[in-house]
Each structure stands twice: as C-alpha cells, then as structure tokens.
Amino acid sequence: MPELPEVETTVRGLETPLLGHRLKRVETRRADLRRPFPVDLRQRMTGATVTGLGRRAKYGLIETDRGDVMIFHLGMSGRWRIDPSEIGMHDHLVLETDAGRTLALCDPRRFGSVDLVRKDELPDFAPFKALGPEPLGPGLTGAYLAGALEGRAAPIKAMLLDQRIVAGLGNIYVCEALHMTGIAPPTPAGRIARKRLDRLVESIREVLGAAIEAGGSTLRDYARPDGELGYFAKQWLVYGREGEACRCGAPVLRRVDGGRSTFYCAKCQK
DNA sequence: CATGTGCCCTGGAAGC
DNA sequence: TGCTTCCAGGGCACAT
C-alpha cells in the first residue's frame with residue numbers, strides 16, 4: 001500500500017543494505033513496468049556505489065557515485081523484497097550488493113516505474129516538474145493552500161489527491177486528514193475558510209507523521225525470514241471501515257468519486 | 001485551463 | 001471445493 005509514509009519507510013529500510021555499497025549485479029527480468037526500464041539501466045548501475053537515498057512525493061531515489069539517480073515508483077502493488085529466499089515471477093528488477101545482499105523490486109500489477117536521470121537534471125525529470133510542495137516540508141502551509149485552491153470548484157478530496165497541489169498524498173491519508181479536520185470530502189475546495197485550511201495542514205502532517213512512525217516500528221521487525229517490508233498496522237479511523245462506527249458513534253460511509261472510494265463520517269465532516 | 005472519466009495489470013477476498 | 005465478481009495504495013491520456 002504505497003503512499004508517502006510507506007515510500008518513506010521503504011527508503012529508510014533500503015539504507016542498511018544499500019548505502020555505501022557497490023552494486024555488483026543489476027538485472028531486469030522483463031522489459032518494462034508502467035513504462036520501459038531505461039535501456040542503459042544495467043550498464044549505468046552495475047559497479048556503481050550507492051551514495052544516497054531519498055524520496056520526492058511517492059518516488060524513491062537511489063543516488064550513485066556516478067552522478068546518477070535511479071527513481072522508483074511503487075505504483076499500487078510495488079515493494080522491495082530484501083534477501084528473498086527465491087526470485088519470484090513478480091520480481092522485475094534485482095540488485096545484488098558487494099555485501100552479498102539481494103534486493104528485488106516486486107510489483108505484481110506493474111503500475112510502478114523505474115527511471116534513471118543525471119542528478120543535476122533531476123529538476124527536468126518530467127514527472128517532478130509539476131509536483132507541488134512536500135506535505136511534510138515547509139512549503140505546505142494554510143496560506144499556500146488558500147492560494148492554490150482559490151476559485152477552485154472541484155471537491156477538496158480531488159484537489160488533495162492532485163499531486164500538483166500537494167505532492168505525495170494518496171487516497172488513504174486524504175480520507176483520514178479530511179476526517180480529522182471535519183471537512184466533508186465533496187466540499188468545493190475554494191470555499192473552505194482559511195482557518196480550516198490551517199487545521200487541514202496540521203491534520204495532514206499529523207496523519208502522515210503517525211503513519212511513518214508506525215512504519216518505522218514495522219521496519220524494526222522486518223528482519224523476518226523472508227525479509228519483506230511489512231504492511232502498516234491498520235489504524236485508520238475511516239479508511240476501509242465502511243459500516244463500522246466512527247468514534248462519534250455514527251456509521252462510517254463510503255462513496256465513490258472518480259472511481260475511487262471515499263470513506264467519511266457524515267456527522268463529523270461538514 | 002479546469003474538471004471528470006476510463007484504463008493500465010494482477011491477486012486476494014467475498015459471493016454464490 | 002470451485003467458479004465468478006468485485007475491489008485495490010497511482011498516474012496518466014483523453015474528452016468535454
């Protein structure tokens with residue numbers, strides 16, 4: 001379930017096996033995910049040493065001493081398997097380090113992607129060009145949101161999922177943040193009072209922060225035999241809880257907008 | 001430009 | 001048990 005917190009946790013989990021290590025083997029096991037793997041991926045990554053790991057929105061970044069950055073997106077079903085007992089049919093990219101560790105990018109639905117760009121050309125990487133501010137960074141403020149949403153008639157839920165407004169929010173945490181703030185998902189984005197936007201920003205930070213913390217705990221025990229990164233504990237208040245009681249006692253409802261489920265409480269969210 | 005819709009792909013869960 | 005249907009964390013192309 002890769003949203004921003006899981007990508008962040010994944011990137012942190014890659015530090016130990018990758019940071020400072022030389023890649024002695026880089027193998028793609030098919031030609032593409034959402035789009036083709038870079039044709040020179042193997043050539044440019046083999047023999048390179050990983051000098052840094054990072055994240056931008058829901059993209060993970062792996063930097064090498066050659067000035068390259070491998071950018072991965074986990075799509076809907078992607079995850080890195082660490083030291084898998086065997087390589088499976090959905091392990092589409094496999095890295096082996098000088099320490100003998102194996103990392104497999106597993107993505108059954110193949111909605112993910114892998115790109116390779118020069119570090120100094122990162123700002124020109126097309127998918128990054130239009131991204132809005134990081135939700136956990138200094139760029140996301142009530143004032144910024146007020147400006148970005150001014151005059152917009154679209155539902156606040158759709159606006160928060162738009163990566164050009166805020167980069168990295170996904171369906172789960174948008175539902176959770178709107179619930180925490182008490183804003184109804186269909187509310188026209190441009191008509192939300194500034195004060196509520198301030199609180200929305202706080203909720204976004206709180207919800208993401210808690211999820212990253214939970215992911216961190218998951219990470220600490222992820223050294224299970226299969227070495228897989230685990231899933232986050234499902235501690236959501238509305239997401240995936242249709243029919244259950246909200247904290248207020250009213251039922252959690254589900255509606256579908258643009259083909260995606262929205263979970264909310266009609267009593268808490270106005 | 002702003003907004004809404006459909007599709008990419010597979011597997012797991014629920015329904016019958 | 002076995003078959004069918006529904007559903008899913010994202011992003012993008014395309015129509016209006």
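Heavy atoms only: backbone and side chains are in, while hydrogens, waters and symmetry mates are out. Within every chain, numbering begins at 1; the chains are lettered A, B, ... in the order of the sequence lines, protein sequences first and strands thereafter.
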ask   = Are Asp91(A) and Arg81(A) ion-paired here, with the side-chain N under 4.0 Å from a carboxylate O?
value = yes

For atom CZ of Phe111(A) and atom P of dG10(C), their distance in whole Å = 11 Å

key: d(CD, Glu6(A); C1', dG10(C)) in whole Å   = 13 Å

task = Decide side chain to side chain donor-acceptor pair (under 3.5 Å) for Thr49(A) and Arg22(A); before the verdict, give the C-alpha distance in whole Å, the side-chain angles of both, and the deciding distance to 0.1 Å.
result = CA-CA 4 Å; Thr49(A) 294; Arg22(A) 183 173 171 277; 5.5 Å; no

query = With sugar-phosphate meaning primed atoms plus P, OP1 and OP2, does Ala158(A) contact a base, only sugar-phosphate, or nothing at under 4.0 Å between heavy atoms?
reply = nothing

query = To the nearest angstrom, how far is Leu208(A) atom CG from dG9(C) atom P?
reply = 16 Å

request  = Specify the separation, in whole Å, of atom CG of Leu33(A) and atom C1' of dC12(C).
outcome  = 16 Å

task = Have a look at Arg260(A) and say if it touches a base, only the backbone sugar-phosphate, or nothing, with a 4.0 Å heavy-atom cut-off.
result = base

message = Between Glu96(A) (side chain only) and Arg101(A) (backbone N and O only), is there a donor and an acceptor less than 3.5 Å apart?
response = no

inquiry  = Under a 3.5 Å distance rule, please check whether Arg205(A) uses its side chain to pair with a backbone N or O of Pro135(A) as donor and acceptor.
reply    = yes

task = Using the C1' atom on both, measure dG11(C) against dG12(B) and round to a whole Å.
result = 23 Å

task = Identify whether the distance between the nearest side-chain nitrogen and carboxylate oxygen of Asp162(A) and Arg164(A) falls below 4.0 Å.
result = yes

remark   = Rounded to whole Å, CE of Met76(A) lies from C1' of dC7(B) at a distance of 12 Å

ask   = Nearest to the side chain of Pro2(A) - dG9(C), dG4(B), dT10(B)?
value = dG9(C)

inquiry  = Could you identify the nucleotide paired to dC9(B), looking across every strand shown and requiring Watson-Crick or G-U wobble geometry with both distances under 3.5 Å?
reply    = none

ask   = Are the charged groups of Asp40(A) and Arg42(A) less than 4.0 angstrom apart, N to O?
value = no

request  = Quick one: label Pro155(A) by what it contacts on the DNA or RNA (base, sugar-phosphate, nothing), any heavy atom closer than 4.0 Å.
outcome  = sugar-phosphate

inquiry  = If you compare every side-chain N and O of His73(A) against the phosphate oxygens of dG10(C) (OP1, OP2), does one of them come in below 4.0 Å?
reply    = no

query = What is the base-pairing partner of dG9(C), counting Watson-Crick and G-U wobble geometry with both distances under 3.5 Å?
reply = none

key: The single option from Thr102(A), Leu23(A), Val50(A) passing side-chain contact (heavy atoms from CB on, under 4.5 Å) against Thr97(A)   = Leu23(A)

Among dT3(B), dG9(C), dG10(C), the nucleotide that comes nearest once only the side chain of Arg164(A) is considered = dT3(B)

Lys157(A) NZ - dG4(B) C1' separation (whole Å) = 13 Å

query = Tell me: CD1 of Ile165(A) to P of dC1(B), nearest whole Å?
reply = 14 Å

Minimum-distance nucleotide (side-chain atoms of Met89(A) versus dG11(B), dC9(B), dG11(C)) = dG11(B)

ask   = Quick one: is Arg110(A) getting a side-chain N or O under 4.0 Å of the dT10(B) phosphate, OP1 or OP2?
value = yes

inquiry  = Using a heavy-atom cut-off of 4.0 Å across all strands, would you classify Ser261(A) as base, sugar-phosphate, or nothing?
reply    = sugar-phosphate

inquiry  = Of the options dG9(C), dG11(C), dG11(B), whose atoms approach the side-chain atoms of His90(A) most closely?
reply    = dG11(B)

key: Rounded distance (Å) that lies between atom P of dG4(B) and atom CZ of Arg152(A)   = 10 Å

inquiry  = Measuring from the side chain of Pro127(A) (C-beta onward, heavy atoms only), which nucleotide among dC12(C), dA2(B), dG11(C) has the closest atom?
reply    = dC12(C)

Candidates dG11(C), dG4(B), dG9(C) - which lies nearest the side chain of Tyr239(A) = dG9(C)

key: Presence of Lys58(A) side-chain N/O under 4.0 Å of dG11(C) phosphate oxygens OP1/OP2   = yes

inquiry  = Heavy atoms only, 4.0 Å cut-off, all strands: where does Arg254(A) land among base, sugar-phosphate and nothing?
reply    = sugar-phosphate

task = Determine the Euclidean distance between corresponding P atoms of dC6(C) and dG6(B); express it in Å to zero decimal places.
result = 15 Å

key: Among dG11(B), dG9(C), dA2(B), the one nearest Asn171(A) by side-chain distance   = dG9(C)

request  = Ignoring the backbone of Arg109(A), work out which of dC9(B), dT3(B), dC12(C) is nearest its side chain.
outcome  = dC9(B)

